[in-house]
Amino acid sequence: MEGGWFLYLLECKNGAYYAGITNDLEARFVAHQSGKGARYTRANPPSKIVASKSYPDRSTASIAEAQLKKLRRPKKLHFFELDLVINDE
């Protein structure tokens, strides 16, 4: 996966979801697995990438990440099926 920015959703070994953004999804997942990623994933290593979605730039990906993190767990996977960033306003 190359070009642009990605919003991704990981499932951790404890069953929790972790969301983040990156411009290199594979490298970021490896970093999370090896304990060099975010503080949360150092304590709760990810088991798999559940979903990802590409965005044209970091700003758009960051907005999408913030919106995703506001959703309850059952709606998080559905977020990746939508074509547009959700507008909560």
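Just so you know, these numbers come straight off a predicted model, no measurement behind them. All values below come from the heavy atoms of this structure, side chains included, with hydrogens, waters and symmetry mates left out.
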Looking at R39, I'd like to know if its CZ atom is crowded, meaning that more than 12 non-hydrogen atoms belonging to other residues, nucleotides or ligands lie closer than 6.0 Å.
no

Salt bridge (Lys or Arg N to Asp or Glu O under 4.0 Å) with K69: which residues, sequence neighbours excluded?
E65

Can you confirm whether P46 sits close enough to E11 that some side-chain heavy atom of one is under 4.5 Å from a side-chain heavy atom of the other?
no

Grab the two heavy atoms, one from A61 and one from I21, that are nearest each other, plus how far apart they are.
O-CG2, 3.5 Å

Derivation and outcome, side-chain contact (heavy atoms from CB on, under 4.5 Å), residues Y18 and N44
CA-CA 9 Å; Y18 174 82; N44 304 284; over 6 Å; no

OG on S47 to NZ on K13, rounded to 0.5 Å:
7.5 Å

Which pair of heavy atoms, one from R28 and one from K36, lies closest together, and at what distance?
NH1-O, 4.4 Å

As a quick check of understanding, evaluate side-chain contact (heavy atoms from CB on, under 4.5 Å) for L10 and K48, giving each step before the final call.
CA-CA 6 Å; L10 306 178; K48 63 183 174 180; over 6 Å; no

Please determine whether residues L77 and Y55 belong to a single hydrophobic cluster, defined as Ile, Leu, Val, Met, Phe, Trp and Tyr linked transitively by side-chain heavy-atom distances below 4.5 Å.
yes

Drop me the distance from I63's CD1 to L68's CG, to the nearest 0.5 angstrom.
14.0 Å

Distance (rounded to the nearest 0.5 Å) between N23 CG and S54 OG:
12.5 Å

Check: L9 and I49 side chains under 4.5 Å, non-hydrogen atoms
no

Any donor-acceptor pair under 3.5 Å from S34 side chain to V30 backbone
yes

Between S62 and R58 (side chain of the first, backbone of the second, donor and acceptor by atom type, cut-off under 3.5 Å), is there such a pair?
yes

Hey, are the side chains of W5 and T60 touching, using non-hydrogen atoms and a 4.5 Å cut-off?
no

I'd like to know if the side chain of K53 reaches the main chain of F6, judged simply by a donor and an acceptor atom lying under 3.5 Å from each other, with no hydrogens or angles considered.
no

For the residue pair L7 and F80, what are the closest heavy atoms and their distance?
O-CE2, 3.6 Å

Nearest 0.5 Å, please: how far is NZ in K76 from CZ in R73?
9.0 Å

Taking the six-membered ring for Trp, are the ring centroids of Y8 and H32 within less than 6.0 Å of each other?
yes

